[in-house]
There are 4 protein chains.
Amino acid sequence: MHQYLRVVSLVKKRGSKRAQELGRQVHSFLVRQGIKVIEETVPKDCDLVIVLGGDGTLLHIAESAYRADAPILGVNLGGLGYLTEIQIEEIEKVIMSAIRGVADLEKRMLLKVEVLDSECKSCATYCVLNEVAILRGSYGKVINIPTWAEGAFLTTYRGDGLIISTPTGSTAYNLSAGGPILHPRMEAMILTPVCPFALSARPIILPADSELEVCMEGFGSEGGVGASAQSPPFYVEIDGKLVHGVKSKYKLVVKRAPGHLKLISSPSSGYFKILREKLGWAGHLHQSDP
Amino acid sequence: MHQYLRVVSLVKKRGSKRAQELGRQVHSFLVRQGIKVIEETVPKDCDLVIVLGGDGTLLHIAESAYRADAPILGVNLGGLGYLTEIQIEEIEKVIMSAIRGVADLEKRMLLKVEVLDSECKSCATYCVLNEVAILRGSYGKVINIPTWAEGAFLTTYRGDGLIISTPTGSTAYNLSAGGPILHPRMEAMILTPVCPFALSARPIILPADSELEVCMEGFGSEGGVGASAQSPPFYVEIDGKLVHGVKSKYKLVVKRAPGHLKLISSPSSGYFKILREKLGWAGHLHQSDP
Amino acid sequence: MHQYLRVVSLVKKRGSKRAQELGRQVHSFLVRQGIKVIEETVPKDCDLVIVLGGDGTLLHIAESAYRADAPILGVNLGGLGYLTEIQIEEIEKVIMSAIRGVADLEKRMLLKVEVLDSECKSCATYCVLNEVAILRGSYGKVINIPTWAEGAFLTTYRGDGLIISTPTGSTAYNLSAGGPILHPRMEAMILTPVCPFALSARPIILPADSELEVCMEGFGSEGGVGASAQSPPFYVEIDGKLVHGVKSKYKLVVKRAPGHLKLISSPSSGYFKILREKLGWAGHLHQSDP
Amino acid sequence: MHQYLRVVSLVKKRGSKRAQELGRQVHSFLVRQGIKVIEETVPKDCDLVIVLGGDGTLLHIAESAYRADAPILGVNLGGLGYLTEIQIEEIEKVIMSAIRGVADLEKRMLLKVEVLDSECKSCATYCVLNEVAILRGSYGKVINIPTWAEGAFLTTYRGDGLIISTPTGSTAYNLSAGGPILHPRMEAMILTPVCPFALSARPIILPADSELEVCMEGFGSEGGVGASAQSPPFYVEIDGKLVHGVKSKYKLVVKRAPGHLKLISSPSSGYFKILREKLGWAGHLHQSDP
């Protein structure tokens, strides 16, 4: 039998005793299989990343796994677990499948966000598994977000903000803001406004190869009360984490990241089952009618 | 002819030349009618408040007018003007109607928000013409808002926040968050979640005599990361203005304010016309079909 | 002890063995209390209507109970039961409360729909507990529904139809079409479009004393292909039942019916509990977070 | 110069004088260019189909053009015209581009719907440019639509119906039912419920290579009152036209049709411009703020 796994990264949810305990067992098991285990970081020659925790822990390590081109095996320790879909009782079986190179892999597209300053110089680049959100701060005023797609003017989003989501992220913040569910095998980006200041706003879905340009304009006609560079009227979140240093007149360029993030999927689960059972999607009002 | 108006307060939009100019004309006109004019404040014996500007200016002075039981004549200087529905060319005519005591008055219900600290002591009380909103800060985490109505547990709102709106406010922030339109003559409160972390959330409308208790719990199962008293994970806005000093474990008690705010309505306009023309409500996709 | 109940009407769900069986027990119980029992109809001197079945059975008998001014005690035999909220195990206790005159009564407003023909002659009048719906037939074409409220033009609804709902009906068809939930103690009418041919449509809620005039215009610009008097392009449903004989150019006049329907409420239940448990309202995406 | 067009089909909106008149001019123009013109039908060797009318006329001829692999040049005679986006004043210029083989072509994916009877025998097959809709009839009862995707159970849609839409159809019936907008270059199918009997329903978007199986089950727990084979409780519409002969227990198999329909696009227009200007998408509540 060919050994596909030589180096495995083991990442545990911070502050969780259960994750620590389970981590020790998984560590021993891997070592017994002759595998080198690295804890809490993802080395470049990594063959697999095992995440013990929840979706938050997985989101935290996703960019490193993607850069190392290592698939993630996410184990769900009791929470929702859209991304961490392996159950505890399945771990050993699924790790053995990975060792033999026969585990089921799902490919998830990522977005790449580049931050350009007011002189169009690149400041920073981020990988996005779920979504990038531009949101108003606590100034009580709607923000304006002029947006271009493929070089053509799309619209000026006006309201509490704008979410640009991957298909994977469609069941995360996008869903709360009223956006649709996209099968994670789709290749697309979803633009969903947050509390739009327009009755006729509606989510729009663009092909994954679209390039978006999103302007951090700040307030509209009021000319930027409170919109100083120090405290801009908006903030930017990527996969739920605040991005520091984005100021008024900056731009975000959003496009598809090359390649995919790979997730090992549960042999006992299925996407639609997760939607129905974890998300409660399309649940009936009634169980039965009299 | 009996003279109904003796003291008029004249409030102009800040920083607007047009409002200043128009203000001088209206001031002279009122003085020629033998009326005493007070600028920028609302004295207790005030008989009428004339607002020259937009809805923001009117919202700013609404509580004072309500406390003086003086009707507001809101003149719209070029913006939307749901509340300031008098057109510039109608001013003289409408002021003359007010002088004769024959102007059309609309009564709008207000909400009263009392802030209770963690020991249930009253800290502050606010009047609300549009809405009170409890919103998450920039921590990337949903907030929990356990809510009671009439002493019975309603639900724990979970997501970006909760808007509690008057019928007047139904066309303001409530509408952006997906809430319904309520005729301003209605007596009710609307509870509309902001980006709810639930597929099955839906606005609910309660009778105006309901008493709501809304808890500032902070984060949910995570036990309050970042939810210190200094920087709570949420903030509170009333009629678009940040309310300072609301901390975790505080409560808001929301009920109907006694009496009404009185607005002088335009003889040339009508509520449904404003909905259609200013809001673009129920506009057709098409003008015509071929 | 004063005896409040002398004549009780007993109405059982058709074709339900369980309802028949339970009916025999309830009949005997009532006779033992010295009460006269009438089965399946509601006499004028009726003091109480007991419904054994589901909401459909209650809707069927609601108009008769309203006309006799007799409260309804609705027993839920296994289905949803928003209206029939008494549980089987509570029957005896609740009937005894009714006999003693101490049962909790809820008052529900009704709507009255008058059908006017193309010459404005009254053809028929209906009582509405949940909703009246005007819906397109299977012609693949949107219908136009010009609507007036309080004599003022509201809008021309254009799409698959229009639902005019009571607060009680807000959790029925209105909810499916995207309308808000109204507390049943509210006095209001809800206008919710069905698949509107407009991005900017939104439900609107009017005071209960509004008078609506709704025109059965038929198709729009196409001039009525298929819109013959024999097979009009729309149909009208009241509380889920087809109304026969409504033709193109007819009008519906919708207003509040005088008085109320009275429902006996469950001592063990509560409105918000029903919303959460029967409707799944505001349910969380997750049970917990890891 | 190479001549790309030899045979052109000319299709005019029925009953429209304007289309007839313009048709005569276009016919003459084409003949002068040495092109053979066929009126009202699409021959197999057709190189181009010119549609003079609206989207309805184009939908009517779309399947024939697709089967002949001939692009459609749709001229908009005054209505909405999402599909017929060429303006009258552009006709000559765009026809000349087509003759020279330099016209801009857009490829639109189609769906193929196969109707299987209760013994799974194929009865009929349809091409779909916009959507297939399964809708309840006028029985006042919700219908059940159990649905599978890629062999896995998706959910049982329960309510007034289900729309399965192409990206092209996303701005048609799908939009009225609350579905999202998909760029027409997308390859996907959208499943949007119509008045779902569930608070937690939400549109879902699947990859174009998914195969759907949709069951015409009829009524739910009631066991099919009125659901005889003669008058089933539902009906099926494809691109707005009633499909005859679909009975209870039948199935629809929906998958991507091979190839594409080709549309000639306007040089003066653009997709986002059409969304903003024809659909009024993301229009602001206000034009300006005071």
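Just so we're on the same page: letters track the sequence lines, and every chain starts at 1.
For the pair B:Arg185 (side chain) and C:Leu206 (backbone), a donor-acceptor distance under 3.5 Å is absent. Looking only at distances, a side-chain donor or acceptor of B:Trp281 sits under 3.5 Å from a matching main-chain atom of C:Arg202.
Between chain B and the options C:Gly179, C:Gly270, C:Ala188, the largest number of non-hydrogen pairs under 4.5 Å is found for C:Gly179. No other option in B:Pro207, B:Pro180, B:Pro193, B:Pro203 has as many heavy-atom pairs under 4.5 Å with chain C as B:Pro207. Of the listed residues (C:Ile204, C:Leu182, C:Ile190), the one with the most heavy-atom contacts under 4.5 Å to chain B is C:Ile204.
Side-chain contact between C:Glu187 and B:Glu187: absent, with no pair of heavy atoms (C-beta onward) separated by less than 4.5 Å. The shortest distance between side-chain heavy atoms of C:Phe153 and B:Lys273 does not fall below 4.5 Å.
Scanning both residues, C:Met186 and B:Ile205, for their nearest heavy atoms gives CE-CG2, 3.8 Å.
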Next on the checklist: Evaluate B:His183 against C:Glu150 for side chain to side chain contact (heavy atoms under 4.5 Å, CB included), listing each step before the verdict.
Outcome noted: CA-CA 12 Å; B:His183 193 285; C:Glu150 307 171 67; 4.0 Å; yes
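No part of C:Ala208 comes within reach of chain B, as not one of its non-hydrogen atoms sits under 4.5 angstrom from that chain. Residue contact with chain B, scored on non-hydrogen atoms closer than 4.5 Å, is absent for C:Leu191.
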